[in-house]
Structures are given as structure tokens and as C-alpha cells.
J.: 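What follows is a single structure, and I will ask about it in a moment.
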Amino acid sequence: MVNIEHVSVEFKSKNHVFKAVNDVSLKIKKGEIFGIVGTSGAGKSTLLRTINLLQKPTFGNIFIDSVNITNFTGSELRNVRHKIGMIFQHFNLIHTKTVFDNIAFPMIVSGAQKEAVKKRVLELSQLVGLSDKINFYPSQLSGGQKQRVGIARALANNPRILLCDEPTSALDLETTNSILELLKDIHKKTKITTIFITHEMDVIKKICTKVAVMDKGIVVESGNVYDIFALPKHPFTKKLVSHTLNLELPQRIFKDTKGVLLKIIYSGKRAEESILSDVIRKFNVDINILHGKIEYINETPLGILIVNIKNENSAKVDNIINYLKQKTTLTEVFNG
Ligand SMILES: Nc1ncnc2c1ncn2[C@@H]1O[C@H](COP(=O)(O)OP(=O)(O)OP(=O)(O)O)[C@@H](O)[C@H]1O
Ligand SMILES: [Mg+2]
């Protein structure tokens with residue numbers, strides 16, 4: 001559906017060239033909710049804006065449905081943009097227009113008939129839960145309500161792609177969850193291909209099925225959200241994931257604990273098996289759980305444990321680790 005091929009974006013100042021996006025290639029399939037995560041300045045917005053050519057790539061190409069749109073201008077470009085809706089962190093509503101007129105705006109620009117506009121705006125305001133607010137101005141709305149208007153406006157022309165640039169970053173946790181639920185609900189109903197930018201892995205976990213991790217203009221890792229959470233490979237991804245899973249332990253644990261600490265990740269069906277009781281029985285050891293949780297990512301369980309095995313000889317510990325390695329997704333000595 002959307003193919004980003006070797007895209008770079010350079011910004012030139014007097015005597016300096018800055019590469020905000022550096023040779024990024026991504027394939028986003030029809031109907032996917034694809035996340036792009038990274039810290040501030042990673043180049044996420046710049047990359048996202050190349051998809052509707054708000055930002056022209058310096059190098060590389062953008063394909064939509066196998067059509068290379070990179071050099072589109074005029075009516076060709078307008079037609080492509082018509083198929084792409086976008087929502088923003090700070091909503092970007094027109095303050096002098098009512099909710100009705102904000103939602104109607106893209107349809108009016110593209111020359112829709114008055115009656116069709118009215119019908120669609122009422123339909124959309126119902127979809128986003130704002131039927132009773134259509135005559136309000138943005139200043140009379142909460143942040144979450146403003147984003148609902150932004151979402152309705154983005155959907156006005158029945159786009160086939162929805163670009164979301166940190167749409168929840170200005171919202172509190174509860175409002176964030178309600179906006180994510182709304183976007184999920186819209187996706188369920190429309191199957192619209194959605195590309196979602198955020199700096200939080202937690203948001204990715206809640207809404208996306210695929211994710212690309214960006215750092216300093218480069219995509220360092222991409223894949224299924226579940227796999228990235230279970231087995232992050234790149235150090236930057238590991239850091240993001242461990243932050244989100246909140247696996248930090250107080251330093252004194254590392255200082256005071258005798259024996260070995262193990263991090264154990266077990267996924268899918270295995271999260272429902274009693275692996276630890278198995279080990280305890282089979283090896284006759286005491287295992288102390290220091291940290292433990294089961295996360296549900298795309299409704300599949302992912303078990304994460306940090307355990308301590310005390311006072312055992314190293315050969316026995318090696319045997320236990322080898323046994324656990326066969327039974328789990330990952331078992332490794334944990335150093336924090
Ligand atoms: N028009 C521009 N001219 C010059 N530099 C720019 C321009 N737009 C972005 N940049 C630079 O490119 C880098 C990436 O910016 P971008 O907005 O894509 O990051 P981001 O990942 O979206 O960050 P954030 O999470 O803060 O929104 C930044 O260092 C930024 O200063
Ligand atoms: Mg940004």
C-alpha cells in the first residue's frame with residue numbers, strides 16, 4: 001500500500017547539511033496500523049510528511065499502491081492528498097470555525113455539494129462522539145474533544161490512508177486511551193491503513209500491529225510489535241522496551257543478592273505454562289521471583305520474569321539456564 005524506498009531528507013543551512021531522515025525503507029501493508037516510534041528529533045514527523053509530500057524527499061521514492069508519487073505536482077498531487085487524512089499533536093483546528101465547519105472544511109475545499117457535506121459531517125460527528133457539540137468553537141472544547149474534531153476532519157473525504165503525528169502526546173492518560181480506542185474502533189469499521197507516530201512504546205503496544213523504531217534519522221529495527229517487545233535486538237529498542245516494561249530494579253538488589261539473577265521472557269502459549277514449577281521440581285532448587293508480569297500485546301500474552309537462584313554450584317545453574325533456554329523465548333543472566 002505505502003512503500004517508502006530509500007528515502008532521505010536533508011535540510012541545508014548556510015554551510016551545513018543535516019540529514020533528518022537517512023535512507024529509510026518501509027513497506028506498510030493495506031489495512032495495517034503501523035507505528036513509528038523514536039525520541040524527539042529522530043525524524044519521525046519529517047518521514048511521515050514525505051508520505052503525503054508535505055515534505056519532498058531529497059533522495060528516494062514514495063509509492064502508494066505501486067504508483068511512484070514522489071514527483072507528483074498540481075492535480076496529481078491534489079488527488080493523492082485527497083486519499084490521505086492527517087491528524088496532529090496540537091490538533092491544528094481553525095479557531096474561527098465551529099466544529100461543523102472544521103470537519104466540513106476538506107470537503108468544501110474539494111468542491112463537495114452542500115447536502116453531501118452536511119450528511120457526512122453529521123455522520124462523522126456521531127462517529128467521534130461529538131454530535132452535541134457541532135456548533136461549538138475549538139476554544140470551548142477539551143483537548144480530547146479537539147482531537148476528535150481533528151479525527152473527523154481527517155476522515156471527511158473518505159481517505160484510504162490516515163497519518164497520525166503524535167495525536168495523543170498533548171493528552172492525559174485517560175484521554176489518550178479514549179482517543180486510541182476511538183482510532184481502533186474506526187480502524188475496525190473502515191480498515192483504513194494507519195501510520196501512527198509516537199515517542200511512547202506504551203502507545204505502540206496499545207494500538208499498532210507493526211512498528212519501526214527510529215533513532216537519529218535511521219530505522220534501527222522494524223517488525224511485529226509482539227516480536228519487538230519479546231526480543232528487541234538493537235540497543236536503542238532494548239532501552240525503549242525495558243523502559244516501557246518497567247524492568248528496572250533498585251541497585252541494592254544487584255549488590256545484595258547472592259547467586260544469579262535471570263531474566264526470562266516467555267511468549268504466546270508458553271506464558272500459560274508452569275515453567276518455573278517445572279524447574280523447581282526437576283532441579284530441586286529455590287527460585288525467588290523479584291519481578292514478574294504478563295503483558296498482553298495484541299491480545300497475546302508475553303511473560304516477563306526476573307528471578308534469583310541462590311547458592312547453587314555454577315554447573316547446576318548452567319544446566320538450569322540451558323533447560324530454561326529450551327522452554328522460553330529468552331533466558332539470560334540479568335545485570336540490570
Ligand atoms: N524545516 C526544517 N528545517 C531544518 N531542520 C528541520 C526542519 N524540520 C525538521 N528539522 C530537523 O530535523 C530533525 C527531525 O525533526 P522531526 O520533527 O522530524 O523529529 P521528530 O522525530 O518528529 O521529533 P518530535 O518527537 O520532537 O516531534 C530535527 O533535528 C529538526 O530540527
Ligand atoms: Mg514530530
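Counting starts at 1 for both ligands and their atoms, following the listed order.
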J.: With the threshold set strictly below 4.0 angstrom, can you tell me whether any protein non-hydrogen atom sits that near atom 22 (O) of ligand 1?
T.: yes
J.: Could any protein non-hydrogen atom be found less than 4.0 Å from atom 14 (C) of ligand 1?
T.: yes
J.: Is there a donor-acceptor pair closer than 3.5 Å between any side-chain N or O of E221 and the backbone N or O of K233?
T.: yes
J.: Have a look at G217, S40, G38, S45 and point out the one with the heavy atom closest to atom 17 (O) of ligand 1.
T.: S45
J.: With a 4.0 Å cut-off on N to O distance, would you call E115 and K118 a salt bridge?
T.: no
J.: If we only count N/O pairs under 3.5 Å, is F11 in contact with ligand 1?
T.: no
J.: Would you mind running through ligand 1 and noting each atom that sits below 4.0 Å from a heavy atom of F18?
T.: 11 (C), 12 (O), 13 (C), 29 (O)
J.: Can you check whether N71's main-chain N or O pairs, donor with acceptor, with K56's side chain at less than 3.5 Å?
T.: no
J.: Can you tell me if, anywhere in Q89, an N/O/S atom lies at a distance from the Mg ion (ligand 2) that is smaller than 2.8 Å?
T.: no
J.: Any ion pair linking D202 and K205 (charged N to carboxylate O, less than 4.0 Å)?
T.: yes
J.: Could you identify the single nearest non-hydrogen protein atom to atom 25 (O) of ligand 1 and state the distance to 0.1 Å?
T.: K44 NZ, 2.8 Å
J.: Compute the minimum heavy-atom distance from G43 to ligand 1 and say whether it is under 4.0 Å.
T.: yes
J.: Examine distances only and state if a side-chain atom of Q147 and a backbone atom of P167 form a donor-acceptor pair shorter than 3.5 Å.
T.: yes
J.: Can you pull out the closest protein heavy atom to atom 18 (O) of ligand 1? Residue, atom name and distance to 0.1 Å, please.
T.: T46 OG1, 2.5 Å
J.: Linking I/L/V/M/F/W/Y whenever their side-chain heavy atoms sit closer than 4.5 Å, directly or via other members, would I197 and I33 fall into one cluster?
T.: no
J.: So does E166 get a backbone contact from the side chain of T198, meaning a donor-acceptor N/O pair under 3.5 Å?
T.: no
J.: For atom CZ of F136, decide whether the heavy atoms of other residues, nucleotides or ligands shown that lie under 6.0 angstrom number more than 12.
T.: yes
J.: Which atoms of ligand 1 have any heavy atom of A20 under 4.0 Å away?
T.: 12 (O), 13 (C)
J.: Check E166 against ligand 1 and report side chain, backbone, both or neither, counting heavy atoms closer than 4.0 Å.
T.: side chain
